[in-house]
A.B. asks: 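One structure, as structure tokens, below. Some questions next.
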2 protein chains.
Amino acid sequence: MLFHEGDSAESVFNLTSGSIKIYKLLPDGRRQITGFLMPGDFLGLAAKSAYSYSAEASTAVEACRFPRSRLDALFGQFPQLEHRLFQIANDELVLAQDQMLLLGRKSAGEKIASFLVRLAERQESRGGEPDHLALTMTRGDIADYLGLTIETVSRTMSQFKKQGLISQKSLTEIELIDRDQMMDRAES
Amino acid sequence: MLFHEGDSAESVFNLTSGSIKIYKLLPDGRRQITGFLMPGDFLGLAAKSAYSYSAEASTAVEACRFPRSRLDALFGQFPQLEHRLFQIANDELVLAQDQMLLLGRKSAGEKIASFLVRLAERQESRGGEPDHLALTMTRGDIADYLGLTIETVSRTMSQFKKQGLISQKSLTEIELIDRDQMMDRAES
DNA sequence: CGACTATTTGAAACGATTCAAACCCGGTGG
DNA sequence: CCACCGGGTTTGAATCGTTTCAAATAGTCG
């Protein structure tokens, strides 16, 4: 675990290798994962005095740590740095709104399809195989990201397998077989 | 309607009076409202070339319109303006994550309770009566904001009324009677 | 007052969850 | 080398919360 919701937000990180999940918890333990970070992503930017979410490594992780005070000084020196981070925050906001649509209005099948397609696009944009997905998260993580239970995630993926939409080499290796039909299921 | 998802994003607005809802639609018409804007709020900031959501007035509205090109020029001139907008974007991101937790993990009762409490806090922070809520949105809007149906919103509020948590002077006027117990139901 | 729309309420249906058990797989020690 | 363990995963059956469909009621505006 990297830090917890409520911890004083002294640092901003830039992930250089590995993968991180950020999430919020309810008092009774229910969890909502709000994002999976990949190398290049920033962590802790939105925080003011305290982090508003918890962050936990999914794999071994390397990151660049900046004291928040230093960052503020850099903003004064290099306005285009702040400009870039502003863009990044806006991009995240757009993604967050997509995720709200997913959480509030999509069925389990649509959620899983959207998730797999987005993961494929993300991997493609970093130069990976477009249809060969390497999942860095467990079924439980996927469930808590999509607002489902582990069982529903598992069942839905089994169904997709039976329908020939995906195939599964191992627990963490998924292949998208019919991406177009997958995007239809995603409804967006 | 002010603009539609996909429209070219020529303007940024600052709402001066009235209230606006922003939302995303699925091809089949399902709708997710991602925010209700109140005077002082910005609209269209996150957009790059095209708006990523639609915006619609809930009441009569007055707003300040900036051409996007002008705004970019202002950033060069007044770096602290961009700094302020960066802060605002970060605050919105924090709210968006709260909303994801709500949509993904809260029950209908918890959603409605959270919604009413947040509305009360928002109104309080603008100097209104803390327990006397003036709803600017319909039951349908509330449903599409919370990922519920109109009927569930209505039923849940009736239940709260029966339990003495709220009282209803008219359709748009709600009074929070037991705010503490309300916050307990909100689970956050 | 009458017509139209939004809201409330009720009953049935459905999708996702819960609870339970079986399975798979990598790691450990006999 | 293989039996065993423990975690995560898959599958099944029953249950539950929310939705859907339908009808009644309340509210708004001409």
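The basis for the numbers below is simple: all heavy atoms, side chains too, and nothing from hydrogens, waters or symmetry mates.
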A.B. asks: Testing the 3.5 Å rule here: is there a donor-acceptor pair between the side chains of B:Gln123 and B:Arg118?
C.D. replies: no
A.B. asks: Would you kindly give the NZ-to-P distance between B:Lys161 and C:dT7, to the nearest whole Å?
C.D. replies: 12 Å
A.B. asks: Report the distance from atom CD1 of A:Ile150 to atom P of D:dG8, rounded to the nearest whole Å.
C.D. replies: 8 Å
A.B. asks: Could you check how far CG of A:Asp144 sits from P of C:dA16, rounded to whole Å?
C.D. replies: 17 Å
A.B. asks: What bend angle does the helix from C:dC1-D:dG30 to C:dG30-D:dC1 show across its length, from five-pair end axes and to the nearest 10 degrees?
C.D. replies: 30°
A.B. asks: Expressed in angstrom and rounded to an integer, what is the separation of A:Asp141 atom CG from D:dG8 atom P?
C.D. replies: 10 Å
A.B. asks: So A:Phe3 and A:Tyr53, would you call those rings parallel, tilted or perpendicular, with 30° and 60° as cut-offs?
C.D. replies: tilted
A.B. asks: Pick base, sugar-phosphate or nothing for B:Ser154, based on heavy-atom distances below 4.0 Å to the nucleic acid.
C.D. replies: base
A.B. asks: For B:Arg139 and C:dT9, give me the distance from atom CZ to atom P, rounded to whole Å.
C.D. replies: 11 Å
A.B. asks: Contact class for B:Gln168 (heavy atom, under 4.0 Å): base, sugar-phosphate, or nothing?
C.D. replies: sugar-phosphate
A.B. asks: Let me check something: any side-chain donor-acceptor pairs from residues 162-169 of chain A under 3.5 Å, sequence neighbours excluded? List them with distances.
C.D. replies:
unit_1	atom_1	unit_2	atom_2	d
A:Gln163	OE1	A:Arg185	NH1	3.2
A:Gln168	OE1	A:Lys161	NZ	2.6
A:Lys169	NZ	A:Glu175	OE1	3.0

A.B. asks: Rounding to a whole Å, what distance do you find between A:Lys111:NZ and C:dG15:P?
C.D. replies: 14 Å
A.B. asks: Rounded to whole Å, please give me the gap between CZ in A:Arg30 and C1' in C:dT17.
C.D. replies: 13 Å
A.B. asks: What is the distance, rounded to the nearest whole Å, between atom CD1 of B:Ile142 and atom C1' of C:dT7?
C.D. replies: 11 Å
A.B. asks: Tell me yes or no: between the side chains of B:Arg139 and B:Ser154, is some donor less than 3.5 Å from an acceptor?
C.D. replies: no
A.B. asks: In terms of relative ring orientation, are A:Phe86 and B:Phe75 parallel, tilted or perpendicular, with 30° and 60° separating the classes?
C.D. replies: perpendicular
A.B. asks: Does the ring center of A:Phe13 lie less than 6.0 Å from the ring center of A:Phe42?
C.D. replies: no
A.B. asks: Return a single string for nucleotides 13-30 of chain D, one symbol per nucleotide in 5' to 3' order, where B is base contact, S is sugar-phosphate-only contact and - is none, cutoff 4.0 angstrom on heavy atoms.
C.D. replies: B----SBBB-----S---
A.B. asks: Under 4.5 Å between side-chain heavy atoms, counting indirect links through other Ile/Leu/Val/Met/Phe/Trp/Tyr residues: same cluster for A:Leu101 and B:Ile33 or not?
C.D. replies: no
A.B. asks: May I ask you to test the B:Arg30-B:Leu25 pair for a side-chain heavy-atom distance under 4.5 Å?
C.D. replies: no
A.B. asks: Answer yes if the side chains of B:Ser54 and B:Lys24 hold a donor-acceptor pair under 3.5 Å, and no otherwise.
C.D. replies: no
